[in-house]
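Counting starts at 1 for both ligands and their atoms, in listed order. Each residue takes its place number in the sequence, starting with 1. Computed from a predicted structure; not experimentally measured.
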Amino acid sequence: MKAKSSLVLLILFAGLAAACVSPRIVPLPAKGPEISIIPKPVSAVRQPGSFVIAANTRITIPAADLEAEGVGRYLAERLHSAFGLDLPITDGAPVEPQQVIILRRSDRQDLGREGYVLSVTPAAISIEAPEAGGLFYGVQSLFQLLPPEAYGRAVAAGAVPALLPCIRIEDKPRLPWRGMLLDCSRHFFSKEFIKSYLDYLAMHKMNTFHWHLTDDQGWRLEIKKYPLLTEVGAWRVDREDKNWNSRPPQAAGEKATLGGYYTQADVREIVAFAASRHITVVPEIEMPGHCLAALAAYPQLSCSGGPFTVPPGGVWPIKDVYCPGNDETFDFLQDVLTEVIELFPGQVIHIGGDEVDKSNWKLCPKCQARMKAEGLKSEEELQSWFVRRIEAFLNARGKTLMGWDEILEGGLAPNASVMSWRGMEGGIAAAKAKHAVVMTPTSYCYFDYYQGDPSREPQGIGGYVPLSKVYAFEPVPAALTAEEGRFIIGAQGNLWTEFVATPAHAEYMTFPRIAAMAEAGWSAPEGRSWEDFLARMVSQFRRYDRLGVSYARSIYAVKIAPAAAPDPRGLALTMTCESFRPDIRYTLDGTSPKADSPPYTGPLTVTKSAVIKAGVFAGGRLQGPVSETRFLAHLALGKTPRLQFAFKPRYDG
Ligand code: ACM
Ligand code: ZN
């Protein structure tokens with residue numbers, strides 16, 4: 001019976017077609033829950049009263065505490081740029097306690113490196129933390145207590161009071177690595193955009209920027225000893241008018257004009273900027289695969305010797321990779337890593353290791369000789385040997401090697417950390433073997449995947465990771481014991497940029513999913529709820545509006561789904577979307593819905609042909625795209641179809 005009714009529905013749906021129109025988008029209305037901190041703090045207790053930061057407020061910091069002074073200056077600069085306030089920073093005891101923001105070191109060691117206590121009373125704001133990272137995150141929470149204008153540019157002095165409700169917040173993160181990857185190889189992003197991106201991370205209390213600097217389609221890091229890496233490897237022919245996966249390679253004599261790279265001075269500036277936001281930059285230098293841009297510059301490092309050009313789009317499989325049979329490959333990589341170590345003070349160097357096609361190694365006499373000399377039984381073991389050799393080099397210089405989960409194949413290097421992307425299994429195996437793991441499985445963490453109906457989204461690589469999916473991400477798998485779970489050090493979102501060429505598009509793919517990812521890394525699972533998160537997102541969207549960030553409004557897209565109706569001549573339509581308590585308005589006559597169109601209150605039965613349009617409204621304004629579906633009433637509607645000729649079981653599809 002069930003199967004038959006679904007067959008009926010299938011036939012009826014032939015008359016339904018979804019489409020979309022993009023209306024004028026207006027910002028959200030001003031109202032939202034009063035306390036809406038993202039990621040959710042451990043505890044936040046509202047108290048009576050409020051505090052207004054005004055021209056006579058001062059910031060005090062501990063004497064001779066340069067780190068706290070850095071946080072104080074960051075706070076003062078942001079209050080200046082948002083509210084036009086020029087607050088003095090003084091050290092020592094405050095003289096006028098009623099007009100003070102106090103940053104203080106705390107001896108509460110249980111708060112860890114990044115925890116803090118933020119207290120707002122009518123007399124003072126105080127942020128206490130054992131480490132400067134905690135003071136910084138206390139400041140981030142302080143800004144989320146202020147009106148959304150705190151995220152904008154200089155409102156007229158006094159036009160919007162910098163008012164905070166009284167509250168006591170105690171907070172610390174669940175995981176020590178809360179990251180975002182930005183792929184700057186597939187498309188190059190300017191230094192200015194990287195700084196904005198770092199500010200976006202800081203706002204979400206993320207502390208790790210995974211900078212994907214090298215790949216087949218572009219080498220983006222100046223290496224003094226190998227200038228061709230950027231002279232040749234940073235540039236490709238411009239085929240942006242064609243789909244990523246159908247771009248012809250560079251022709252003989254054709255000039256490569258598209259690309260860019262970061263000078264070492266740029267990198268130092270970015271690393272210092274990140275440090276001022278308590279963010280560690282983890283560089284990724286891909287090896288032994290994803291390196292065509294490097295091989296275009298130095299083809300002798302491959303098995304075949306080349307020549308190669310920098311591909312302007314997708315290449316698959318990527319057979320041309322570094323030759324581990326050639327000692328010159330290791331001289332090169334170690335020289336490169338020596339400069340990388342100089343530039344990046346963080347503990348971890350990411351060496352990629354993913355998606356290496358090993359077919360050339362099978363044919364290469366040098367690779368085969370290496371395998372024989374080292375007693376390696378497979379090409380997987382050859383990659384493992386490669387990674388171990390690089391790890392020994394990095395460890396000897398005090399650095400930790402991290403790689404994608406493929407580095408488990410053929411045996412994991414003794415001290416390596418693993419980034420699990422092909423699901424959680426690699427991460428689980430690594431954690432059981434007592435290796436540090438960052439979880440970033442595609443199904444929850446890939447921000448190049450669609451976040452809404454693909455017909456309404458800019459072209460993406462595929463997949464489907466809406467905001468609710470990211471929010472459902474639990475980085476510590478239940479398959480691990482409590483002891484093993486401690487090896488899961490982080491959660492990370494990844495923005496690969498094959499299909500993302502501009503800062504506005506990168507923001508669109510990042511926001512609002514970064515907020516859900518931030519909460520997966522920061523907030524304990526017991527305190528998390530999708531409904532509560534969505535309620536807090538109302539204020540977060542107002543902050544994004546003030547920031548001027550091009551966030552996706554995919555959560556406001558109404559899904560119109562048909563179901564069997566009690567009246568057999570019609571269909572019941574359900575309308576749902578991901579946003580918080582959506583006020584869905586619809587029309588049946590093909591006109592655009594307005595704030596006073598009929599509200600959707602439950603399944604809607606349609607019995608006549610109609611063009612159905614629906615959108616989400618708040619404060620009288622449309623919040624996202626208008627969804628459209630056509631319903632065609634026809635003679636077969638509600639009838640049970642019968643087959644005139646029986647189908648052959650072999651073709652039962
Ligand atoms: C990856 O997405 N290839 C790590
Ligand atoms: Zn080789």
Is there a donor-acceptor pair closer than 3.5 Å between any side-chain N or O of Thr497 and the backbone N or O of His187? yes
Contacting atoms of ligand 1, where contact means under 4.0 angstrom from a heavy atom of Glu355: 3 (N)
Using only heavy-atom distances, determine whether the side chains of His204 and Gln540 contain a donor-acceptor pair under 3.5 Å. yes
Are any of the N/O atoms in Trp404 less than 3.5 Å from those in ligand 1? no
Short list, please: which atoms of ligand 1 are under 4.0 Å from a heavy atom of Trp496? 1 (C), 2 (O), 4 (C)
Please note down the angle at the Zn ion (ligand 2) between SG of Cys367 and SG of Cys303, to the nearest 10°. 110°
Option passing salt bridge (Lys or Arg N to Asp or Glu O under 4.0 Å) with Arg174 (candidates Glu474, Glu526, Glu519): Glu474
Would you mind running through ligand 1 and noting each atom that sits below 4.0 Å from a heavy atom of Tyr446? 1 (C), 2 (O), 4 (C)
Distance under 6.0 Å and angle within 45° of the ring axis: does Arg388 meet both against Phe386? no
Nearest protein heavy-atom contact for atom 3 (N) of ligand 1: which residue, which atom, what distance? Asp354 OD2, 2.6 Å
Centroid separation under 6.0 Å, is that true for the rings of Trp211 and Tyr262? yes
